[in-house]
Amino acid sequence: MAKFLTNRDENYAQWYNDLVIKAELAENSAVRGCMVIKPYGYAIWEKIQAQLDSMFKATGHVNAYFPLFIPKSFFSREAKHVEGFAKECAIVTHYRLKSDPNGKGVIVDPSAKLEEELIIRPTSETIIWNSYKNWIQSYRDLPILINQWCNVVRWEMRTRLFLRTAEFLWQEGHTAHATREEAVEETVKMINVYADFAENYMALPVIKGYKSEAERFAGAIDTYAIEALMQDGKALQAGTSHFLGQNFAKAFDVQFTDKTGKLDYVWATSWGLSTRMIGALIMAHADNHGLVLPPRLAPIQVVIIPIYKNTEQLDTISKAAVKIRAGLEAAGMTVKYDDRDTNKPGWKFANYELKGVPVRIAIGPRDIENGTVEIARRDTLEKETIKMDTAVKHISALLEDIQKNIYIKASEFKKENTRYVDTWKDFVSILDNEGGFIMAHWDGTPETEEKIKEETKATIRCIPFDSPEEEGKCIFSGKPSKKRVLFARSY
RNA sequence: CGGGGUGUAGCGCAGCCCGGUUAGCGCAUCUGGUUUGGGACCAGAGGGUCGCAGGUUCGAAUCCUGCCACCCCGACCA
């Protein structure tokens, strides 16, 4: 069947790449590592944005915008932060070009060198905290609950469309608080917002937990993450929320007077989620026919395709189609009626399957005669014929069912591929053969974590919040451990 | 940065080893017609600095030298 896509089970990486290109989500650009996000891919991002934005607003946040450029010196203020990002920064050194005296084209004008180089933001903590210094004097100025939608640049050695690109789109929340407790509470609140979004909108089951010291955000006291499992058994970090303590307040000298008149440094959090989520959407749900979009994030939820032999038939069908579309739209659904004469119905069927449209309606002469429509659901590819006048009610319920079904399918996959392992031999063998999540004991040291990574390429994805206390022995060192942690190979 | 590979039409490739006159194939595109309930068919047409520069030769996509770009593996990567 799917002769236009590489088979998922034969070459997962190629299948992913093919799908991104063929479903017209994105493509590589003239700039190495940077992608062009095409209209259909961007429409998915807009759905993600709209939903998350409303969730941020509902939890008291507001949007703002800070500069793309960050003075180099800002980075060195926080030692761990600069260490973490130094190796992947794009740097602006000049501000002018001039014609090449030796030939055609232009060269960088050497006389236009910047006094201080500017870093293209890989993340905005430093530029934002530099502003917060001016905004915060008193506990009355707190909390500050700001989010920013923007692009960032991280000069990655090796890139993949959506999963790791040199430039990507994201949101980054940066909050300032009077107390440690409040900041920690914010950090937890936001990882919960991400998990809620992932599970209820992306239909993506996730594991919430703490990052180990080695995997923590550069400059954070604590990093919380949601980890998702992809269909090839690899983990994907889907969102992170950081408790930054007073690190950035100290680096940028942001102090405030508390209620008792005492001077103290401000407590910070930051949290982010990126276009990588589109990669997660693909790798978690898509199949050999193409994308499978959860209805809540699908730019088109229902597509109507007419089947006709001549213009008279098309006219009749169009009348019925437009009526159904109006009914579906009135009920809040996003509908496209594709009456283009440039492609045959079969081509359209395959194309909308490739693009993951949750529900397809086909209307032909047979249906007009019988007062019916044929509907097909993308997740299971099942077709049924229903009475035309029940379409709105039926499809409305069907979209809900598809949303649920995709989530259940992903949950079952996650459950089947999460294994409790107690011996090193099993650990290695499962990683090599089955992949997936592994819950195993760890002695808590960075040394052991590093050795496990070296030998197996598996990392600690997180220490799940809900991992129960139990006596055990470290999978690698045999030393005592009180909790299982989540291991996996990851993207 | 180390190892390997590839640059030929919008995309995917053949031709190169063994030099030869008009550089070919599939997809896509355009025109006309027949089609339309699962990726249509027939006929015709358009589209090329053969990555760049130099060299060898009567003659270079093909051989030689240099350069550039990209891809894969490794290193690197919250």
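All values reported here derive from a predicted model rather than from experimental measurement.
- The ring-ring contact (aromatic ring centres under 6.0 Å, His included) check on A:F487 picks up A:F427, with sequence neighbours excluded.
- RNA chain B lies under 4.0 Å from at least one heavy atom of each of the following residues of residues 299-316 of chain A: A:I307, A:Y308, A:K309.
- Residues from residues 369-390 of chain A that place a heavy atom under 4.0 Å from any atom of RNA chain B, listed by number: A:E374, A:K383.
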Distance-only check: which donor-acceptor pairs under 3.5 Å involve side-chain atoms of residues 78-87 of chain A, not counting sequence neighbours?
| unit_1 | atom_1 | unit_2 | atom_2 | d |
| --- | --- | --- | --- | --- |
| A:E78 | OE1 | A:K80 | N | 3.2 |
| A:E78 | OE1 | A:H81 | N | 2.9 |
| A:H81 | ND1 | A:A218 | O | 3.0 |

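- Among residues at least two apart or in separate chains, there is no ring-ring contact (aromatic ring centres under 6.0 Å, His included) pair with a member in residues 342-378 of chain A.
- In this structure, the ring-ring contact (aromatic ring centres under 6.0 Å, His included) partners of A:W149, at least two apart in sequence or on a different chain, are A:W45.
- At the heavy-atom level, A:R276 lies nowhere under 4.0 Å from the strands shown.
- Each salt bridge (Lys or Arg N to Asp or Glu O under 4.0 Å) pair with one or both residues in residues 436-462 of chain A, not counting sequence neighbours, appears once here: A:E215-A:R461, A:E227-A:R461.
- Judged as a ring-ring contact (aromatic ring centres under 6.0 Å, His included), the pairs with a partner in residues 219-240 of chain A (not counting sequence neighbours) are, in order, A:Y210-A:Y224, A:Y224-A:F465.
- Looking at RNA chain B, the stems built from 3 or more consecutive Watson-Crick or G-U wobble pairs, each pair with its key distances under 3.5 Å, are B:1-7 with B:68-74, B:10-13 with B:24-27, B:29-34 with B:40-45, B:51-55 with B:63-67.
- Non-hydrogen atoms lying under 4.0 Å from RNA chain B are contributed by A:K457, all within residues 442-458 of chain A.
- A:N343 contributes no side-chain N or O that forms a donor-acceptor pair with the base of B:G39 under 3.5 Å.
- Partners of A:R484 under the salt bridge (charged side-chain N to carboxylate O under 4.0 Å, His left out) rule, at least two apart in sequence or in another chain, are A:D422, A:E470.
- For residues 359-368 of chain A, every residue pair satisfying the salt bridge (Lys or Arg N to Asp or Glu O under 4.0 Å) rule, not counting sequence neighbours, is listed here: A:E353-A:R360.
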